[in-house]
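If you read the sequence from its start, that first residue is 1, and numbering goes on from there. Values in this document were obtained by computation on a predicted structure and should not be read as measured data.
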Amino acid sequence: MKAVVWAGESKVEVRDLPVPEPPPQWALVDVAYAGLCGTDLHICYNEHPRAKPGLVIGHELVGRLTSPLGELRAGTPVFINPLLWCGICPSCKLGRYHICHRLGLIGIDMDGGAAEAVAVPEDHLLALPAGVEMRRAALVEPLSVAVRAVRRSGMRLGDRVHVLGAGPMGLLVATCARLGGASEVTISEVSPGRARAAQAMGLSLVDHDSPQPIADVLFDCTGHPAVSPTLSRWVLPGGLVTVVGAYPGVVPVNLQDVMFREISIVGTRVYSLEDITAAISVVEREGPTLDPVVTAVVPLTEGPWAISALHAGSELKVLLKGPAA
């Protein structure tokens, strides 16, 4: 089968590999679409601490069952939950598998789905509703992150929301905030191309250089150390900051402002099963509103081009099209 492989340093290749042979309690899935994101860029430019050269990338996956599984027929469209939890750490024992102390991901800690087929644990598969377009279902994984971020924020009906960063995640968070009943959703973005994408989705742009208290709830989707000192300045007294983007480590935050104005800061990490099922429902009901997030759909063999285009900033979200599309 064809697969997109990180070969080390900044080299990405399309290789011919054996079709995976699933062990017991695993299933083989023919890939329909594999979405690429910032994590894939970090891997392919040798910036991810866990990924090893020779890895098949891709963790945003939908496909079709190669063989029957329980009551599901061969060919059933499925979403693949890429999270790999240990089941024995304190978080897992509390049922919070998504913050497992040893959390791994398909496409990072084992071969992923930027390939014609992928082997995954059976209990990581969710059947998709009949009639859901697979191309849109390819957004379920990042949309699940956005769903959880909005839920974690405790955003209330009528709240004013501001989003920092108009990448795919920022746009999906803004969409979920709208669906959740925000009275106003604004966004800030330094990239002209991404700013245009936000405007195309009907979002109002706010100058990122002059933070002003305009939001009840702020979503930081940047994870950029230059942004963290400004976070509290965006929210109104008693407001809340939700950290969505992954920061590289310790960064400066104005804790005096957090204290004096009683600002809350909440973290959010990936998603639970409930978030995934909610994201699937959003795709089923609101699919067309998500379409602007995907700016290119290309064959699997164009994987190296897709990584280069994302790195150059010329695309927002690229989907690699597999044989089950």
Asker: Please answer: with hydrophobic residues joined when any side-chain heavy atoms are less than 4.5 Å apart, are V5 and I43 in the same cluster?
Answerer: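 Each belongs to a different hydrophobic cluster.
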Asker: Which pair of non-hydrogen atoms, one from G112 and one from V118, has the smallest distance, and what is that distance?
Answerer: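 For G112 versus V118, the nearest heavy atoms are O-CG2, 3.5 Å.
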Asker: Would you say L83 ends up clustered with V145 if hydrophobic residues are merged whenever their side chains have heavy atoms under 4.5 Å apart, either directly or through other cluster members?
Answerer: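 Both belong to a single hydrophobic cluster.
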Asker: Once rounded to the nearest 0.5 Å, what's the spacing between atom OG1 of T76 and atom CG of L125?
Answerer: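 T76 atom OG1 to L125 atom CG measures 10.5 Å (nearest 0.5 Å).
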Asker: Do V31 and E116 have side-chain heavy atoms sitting under 4.5 Å apart?
Answerer: no
Asker: H101 vs C86, test: side chain to side chain contact (heavy atoms under 4.5 Å, CB included). Steps then yes/no.
Answerer: CA-CA 8 Å; H101 291 198; C86 73; 5.9 Å; no
Asker: When V4 is tested against each of L55, V56, L320, T301 for side chain to side chain contact (heavy atoms under 4.5 Å, CB included), which residue passes?
Answerer: L320
Asker: Ring centroid separation for H124 and W85, is it under 6.0 angstrom?
Answerer: yes
Asker: Do side-chain atoms of R152 reach the backbone of G267 as a donor and acceptor pair under 3.5 angstrom?
Answerer: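 Such a contact is found between R152 side chain and G267 backbone.
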Asker: Are the side chain of R15 and the backbone of G54 linked by a donor-acceptor contact shorter than 3.5 Å?
Answerer: no
Asker: Drop me the distance from L105's CG to H48's NE2, to the nearest 0.5 angstrom.
Answerer: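 The distance works out to 8.0 Å.
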Asker: Can you name the salt bridge (charged side-chain N to carboxylate O under 4.0 Å, His left out) partners of R156, sequence neighbours left out?
Answerer: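 Counting only residues at least two positions away or on another chain, R156 forms a salt bridge (charged side-chain N to carboxylate O under 4.0 Å, His left out) with D159.
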Asker: Among residues at least two apart in sequence or on other chains, which ones pass salt bridge (charged side-chain N to carboxylate O under 4.0 Å, His left out) with K2?
Answerer: D16
Asker: Check whether any side-chain heavy atom of L36 lies under 4.5 Å from a side-chain heavy atom of E60, and answer yes or no.
Answerer: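 No, side chains not in contact.
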Asker: State, to 0.1 Å, how close A177 and V150 come at their nearest heavy-atom pair, and which atoms those are.
Answerer: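 What the structure gives for the nearest pair is N-CG2, 3.9 Å.
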Asker: With the side chain counted from C-beta on, respond yes when I57 and C44 share a heavy-atom pair under 4.5 Å apart, and no when they do not.
Answerer: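 Yes. Closest side-chain heavy atoms under 4.5 Å.
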Asker: For W6, what residues pass the ring pair (Phe, Tyr, Trp, His ring centres under 6.0 Å) criterion, not counting sequence neighbours?
Answerer: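 Applying ring pair (Phe, Tyr, Trp, His ring centres under 6.0 Å) to W6 gives none.
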Asker: Give the minimum heavy-atom separation between L316 and P168, together with the two atoms involved.
Answerer: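 Heavy atoms only, the tightest pair is O-CG, 3.4 Å.
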Asker: Looking only at heavy atoms, which two atoms of V140 and A279 are closest? And how far apart?
Answerer: O-CB, 3.9 Å
Asker: Examine L231 and V173 and state if one hydrophobic cluster contains both, with Ile, Leu, Val, Met, Phe, Trp and Tyr joined whenever side-chain heavy atoms are less than 4.5 Å apart.
Answerer: no
Asker: I'd like to know if the side chain of T222 and the backbone of G165 have a donor-acceptor N/O pair within less than 3.5 Å.
Answerer: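 Judged by distance alone, no pair lies under 3.5 Å.
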Asker: Group every Ile, Leu, Val, Met, Phe, Trp and Tyr by side-chain heavy-atom contacts under 4.5 Å, then state whether W305 and I307 land in the same group.
Answerer: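 In one cluster: yes.
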Asker: Report the distance from atom CE of M259 to atom OG of S232, rounding to the nearest 0.5 Å.
Answerer: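 Going from the CE atom of M259 to the OG atom of S232 covers 13.5 Å.
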Asker: Check step by step if side chain to side chain contact (heavy atoms under 4.5 Å, CB included) holds for I106 and I80.
Answerer: CA-CA 9 Å; I106 295 168; I80 298 168; 4.2 Å; yes
Asker: I'd like to check the salt bridge (charged side-chain N to carboxylate O under 4.0 Å, His left out) partners of D275; sequence neighbours left out, ordered by chain and number.
Answerer: R148, R151
Asker: What's the spacing between S91 OG and Y97 OH if we round to 0.5 Å?
Answerer: 11.0 Å
Asker: When you compare the side chain of K317 with that of C37, does any pair of heavy atoms fall below 4.5 Å?
Answerer: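 Yes, close enough: below the 4.5 Å cut-off.
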Asker: A side-chain contact here means heavy atoms from C-beta on lying under 4.5 Å apart; do V235 and V217 qualify?
Answerer: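 They are not in side-chain contact.
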Asker: Is there a path of hydrophobic side-chain contacts, each under 4.5 Å between heavy atoms, that joins V62 and V297?
Answerer: yes
Asker: Report the C-alpha separation of I280 and V132 in whole Å, then their side-chain angles, then the decisive distance to 0.1 Å, and conclude whether the side chain to side chain contact (heavy atoms under 4.5 Å, CB included) test is met.
Answerer: CA-CA 9 Å; I280 291 173; V132 170; 5.5 Å; no
Asker: If you look only at pairs with a residue in residues 204-221, which of them pass as a salt bridge (Lys or Arg N to Asp or Glu O under 4.0 Å), with sequence neighbours excluded?
Answerer: R160-D216
Asker: Tabulate below the donor-acceptor pairs under 3.5 Å that side-chain atoms of residues 282-289 make, not counting sequence neighbours, or state none.
Answerer:
residue, atom, partner, partner atom, Å
T289, OG1, E286, O, 2.6

Asker: Considering only heavy atoms from C-beta outward, does the side chain of L290 approach that of L172 to under 4.5 Å?
Answerer: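 Yes - at least one pair of side-chain heavy atoms lies under 4.5 Å apart.
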Asker: Report yes if the side chains of V14 and L300 come closer than 4.5 Å at any heavy-atom pair, otherwise no.
Answerer: no
Asker: Which is it for V19 and L28 under the side chain to side chain contact (heavy atoms under 4.5 Å, CB included) test, yes or no, and what are the steps along the way?
Answerer: CA-CA 9 Å; V19 175; L28 189 67; 3.9 Å; yes
Asker: Does E189 use its side chain to pair, donor to acceptor, with the backbone of A195 at less than 3.5 Å?
Answerer: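 Flag not set: sc E189 to bb A195 has no pair under 3.5 Å.
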Asker: Just wondering, do L310 and V318 contact through their side chains at under 4.5 Å, heavy atoms?
Answerer: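 A side-chain contact exists here, since the closest heavy-atom pair is under 4.5 Å.
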Asker: If we ignore hydrogens and angles and just use 3.5 Å, is the side chain of S67 paired with the main-chain N or O of A74 as donor and acceptor?
Answerer: no
Asker: For the residue pair R178 and M201, what are the closest heavy atoms and their distance?
Answerer: NH1-O, 2.8 Å
Asker: What's the spacing between D291 CG and R135 CZ if we round to 0.5 Å?
Answerer: 5.5 Å
Asker: Will you find, in the side chains of E9 and Y45, an N or O donor that is under 3.5 Å from an N or O acceptor?
Answerer: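 Side-chain D/A pair, E9 to Y45: absent.
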Asker: Determine whether the side chains of H162 and T186 contain a donor N or O and an acceptor N or O closer than 3.5 Å.
Answerer: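 Checked: H162/T186 side chains pair up, N/O donor to acceptor below 3.5 Å.
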Asker: Rounded to the nearest 0.5 Å, what's the gap from CD on E315 to OG on S308? Could you check?
Answerer: 11.5 Å
Asker: Salt bridge between D30 and R64, side-chain N to carboxylate O under 4.0 Å?
Answerer: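 A salt bridge is absent here (no side-chain N lies under 4.0 Å from a carboxylate O).
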Asker: What closest approach, in Å, do D40 and G58 show between heavy atoms, and which atom pair accounts for it?
Answerer: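 Heavy atoms of D40 and G58 come nearest at OD1-N, 3.5 Å.
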Asker: Look at K11 together with E13 and state whether they make a salt bridge at an N to O cut-off of under 4.0 Å.
Answerer: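 Salt bridge: yes.
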Asker: Step through the shown structure and confirm whether more than 12 heavy atoms of other residues, nucleotides or ligands are within 6.0 Å of CD on Q199.
Answerer: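 More than 12 heavy atoms, drawn from other residues, nucleotides or ligands, come within 6.0 Å of this atom.
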